[in-house]
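Below is one structure, written out as structure tokens; the observations come after it.
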Amino acid sequence: MKPKFLFPSKCRYLGYLLAIPGFILGYLYLYKNYNIPGFELRLRTNDTLFTSAVENFTNELALTLVITGLLLVAFSRVKREDELTASIRLNALYWAILANYGIYALGTLLRLIFDICNIQSTNNPLGFFAYRIDFTTYNLFTPLILFIGIFYYQLYRSRNEFTVKPVRFLPNKPYRFIGKWSFIILVLLIVITGLFHIEFQEFGFTLLPFTLLLNVYSKNKVEDEYIDSVRLEAMQVAVYTNYGILLLLNFFVYGFDFLILEAINLFTIPLIFILWFHYKLYRINKQAVIKTTLL
Amino acid sequence: MKNTIRVERAIKNITQAELAELIGVSRQTINTIESNRYIPSTVLALKIARVFEKPVEEIFILEAED
């Protein structure tokens, strides 16, 4: 497995240089309502309910700095890049995405329990975790942070050797089946309830990532070393594509629309992964068929 | 799969760092392979075998559970 699509190793320092001011700016914007004075454009003639006429770009700048910086830190070559560091990187990415959704699942579950049992959340530390932490906003960069943490931990935990943590998948039966059909049924439910204006969308979208994850983290019918490597590469492609699109849309989508974008972002990484992975498998199959007929 | 890299290194009298340098990987990678925690690719296995001037099968040996 040769390392692919990586930045030169010096870019890591540039990454820190961008990400740290980005985080500070983001913190000031989110929690202190700070906007860089004059850093704005008049985009529309009138205010509407969801968008203001004058758009300040402080939050866009913060997010761009954070994501670009973290991408550079995450995907720069290490000093001595070889096939093992490449494989550790891809494994770490797989764990990071899983961990990210694990945290999201925990938060969602807590919120659900608090809602159902009507628990006062103000003085409860778990309530803080369930309500005050805005997962949809944090999810814009937590996959990258978790990845950087896991990757560098595995590289530098010991001076003498790398920590190799193999990835594990759920068995094909019954999880792939459940994953596939729960996704299809959920999407249908979201569309149908949407047509009839029934209150379900929000809950539906909360569940959507988990149905996709069942597909991502379950085995194919036939599984081998090569498919394994295709799978791990697909995750990197998914992360790149996801953040590429996000960086671009960051500058064209504002206000309320951006909140929708954040909600969609909750499930785009697994979605892009599945599309890319199955496209690659299809290509591999097709080539194999052509070669056998030629022989 | 097990391997005899440690023994071969002793015979040839080279360190992990020197072997790593010869085949263009990091020292930690050699150590991780030696302790059977990572199975190298065919390319890397062939490079290692070439350094020790022996066939790959003498350095990497399949075990019953493989």
Open item on the list: Tell me whether the rings of A:F75 and A:F147 are parallel (<30°), tilted (30 to 60°) or perpendicular (>60°).
Closed with: parallel
Open item on the list: Just to verify, what does B:E21 make a salt bridge (Lys or Arg N to Asp or Glu O under 4.0 Å) with, not counting sequence neighbours?
Closed with: A:R80
Open item on the list: Test of understanding: with salt bridge (Lys or Arg N to Asp or Glu O under 4.0 Å), list the residues that count as partners of A:E223, not counting sequence neighbours.
Closed with: A:R231
Open item on the list: Report, in residue-number order, which members of residues 47-54 of chain B are under 4.5 Å from chain A by heavy-atom distance.
Closed with: none
Open item on the list: Counting heavy-atom pairs under 4.5 Å with chain A, which one of B:T32, B:I30, B:I33 comes out on top?
Closed with: B:T32
TODO: Please list all pairs passing the ring pair (Phe, Tyr, Trp, His ring centres under 6.0 Å) test where one or both residues lie in residues 76-96 of chain A, with sequence neighbours left out.
DONE: A:Y94-A:F169, A:Y94-A:Y217
Open item on the list: Taking B:R9 first and then B:E34, would you say they form a salt bridge - that is, a charged N and a carboxylate O separated by under 4.0 Å?
Closed with: yes
Open item on the list: To the closest 0.5 Å, what do you measure between CD1 (A:I245) and CG (A:N265)?
Closed with: 10.0 Å
